[in-house]
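No experiment lies behind these values; they were computed from the predicted model shown. Residue indices begin at 1 and follow the sequence shown.
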Amino acid sequence: MDDRYVSFRGQDGNEAEEFIQAVRRAAFDADKDSDDGWMARFASTCMSGKALRWHASLDDDVQESWKRLMKAILARYPPADEDAIVPSASAAPVAPTAALPPVAPWPSSFPQVNVAPPAAVPPQSGALKSSSKPSDGASGIIEIQYARTNQSIGYLSETLKFNGAAQVASYRSSAQKVTVNNEPSSTYSNIALDTEPRSRDRFIGITWLQTGGARASAGYRYAAIVFTQGSDGSKSSIDSFWYEGDSEAAIWDIASDGKVTATSGGKPLAFYVYDKTDQINLFPDFNAYISSRGIAHRWDRVNLIFKEE
């Protein structure tokens with residue numbers, strides 16, 4: 001699916017899931033996420049090929065309702081693992097497993113073994129760097145987990161949203177490959193993109209919501225994860241009227257357990273995912289945002305975890 005435009009050709013279940021996510025994100029950005037008819041009409045304009053012909057065969061009540069259309073798409077294009085061939089009941093039965101030999105009785109005592117104590121470790125000068133902390137040049141992917149349960153919800157995707165912001169991918173095969181670049185003149189790191197042929201974008205960064213206009217109050221202060229061309233955050237991938245604020249890239253720190261953190265202006269940022277989109281936003285003060293919007297139940301706090309490969 002294209003980075004910037006929503007389209008659906010009816011190829012498989014993976015494309016169907018990405019298409020549904022893209023329609024939801026487009027509706028959210030247009031403030032139409034509660035308009036069932038608008039979402040259905042928008043989805044119909046994005047179809048081509050086999051999907052277009054299939055859509056034309058649907059009943060009017062399905063075509064005109066996003067809720068019904070979404071269910072029809074998921075039914076028509078199931079996940080790949082449901083397409084696997086399952087042996088029929090007439091298949092040859094599996095031969096019974098041979099009986100296992102009896103287990104020898106547990107010995108009543110064991111011979112005594114004298115173990116020498118470990119040699120003393122000589123003192124080291126200076127602090128020791130954790131061997132498990134990603135080193136400069138370490139490559140891997142970034143997993144996204146719920147902060148409360150550590151349950152994985154996906155990976156940082158190699159495919160951008162239609163507005164140029166980074167998003168969550170459901171499958172590991174769609175994860176963006178990255179490399180850690182420790183900045184010698186900074187306590188923070190750059191996270192560089194590995195995947196070719198993405199020759200334009202080079203780093204993972206953030207772009208802040210615009211500093212002027214109707215959404216300039218403290219309660220709306222947040223940023224989106226983006227791809228940037230410069231290590232300083234210049235030339236952000238995002239293409240949205242709302243995200244016209246400053247961009248940054250050398251803001252990351254990766255702990256020994258792989259947890260990725262971001263700091264801007266000396267203040268740590270918290271990662272959240274909105275329940276109707278897969279866009280990852282960062283907040284310096286999430287409570288102030290919620291005080292302005294009052295929709296805390298629609299946000300999930302997440303952690304980003306670097307998985308070295």
Verify, without hydrogens or angle tests, whether D285 (side chain) and A288 (backbone) share a donor-acceptor contact under 3.5 angstrom. yes

Please check this pair: side chain of S65 against backbone of V62, looking for a donor-acceptor N/O pair closer than 3.5 Å. no

Heavy atoms of T159 and Q167 approach each other most closely as O-NE2, 2.9 Å

So Y272 and F286, would you call those rings parallel, tilted or perpendicular, with 30° and 60° as cut-offs? parallel

Neighbour count >12 (heavy atoms, 6.0 Å) for atom CG, D31: no

Compute the centroid of each ring, for F8 and then for Y77, and state whether the two points are separated by less than 6.0 Å. yes

Is the ring centre of F306 less than 6.0 Å from the ring centre of W252? no

I need the minimum non-hydrogen distance between A43 and W66, along with the two atoms involved. CB-CZ3, 3.7 Å

Could you check whether any side-chain heavy atom of D29 comes within less than 4.5 Å of a side-chain heavy atom of K161, counting everything from C-beta outward? yes

Ignoring hydrogens, what is the shortest heavy-atom contact between F271 and I225? Give both atom names and the distance. CE2-CD1, 4.2 Å

Does a side-chain N-to-carboxylate-O contact under 4.0 Å join R25 and E18? no

Is a side-chain donor or acceptor of Q63 paired with a backbone partner of H55 at a separation under 3.5 angstrom? yes

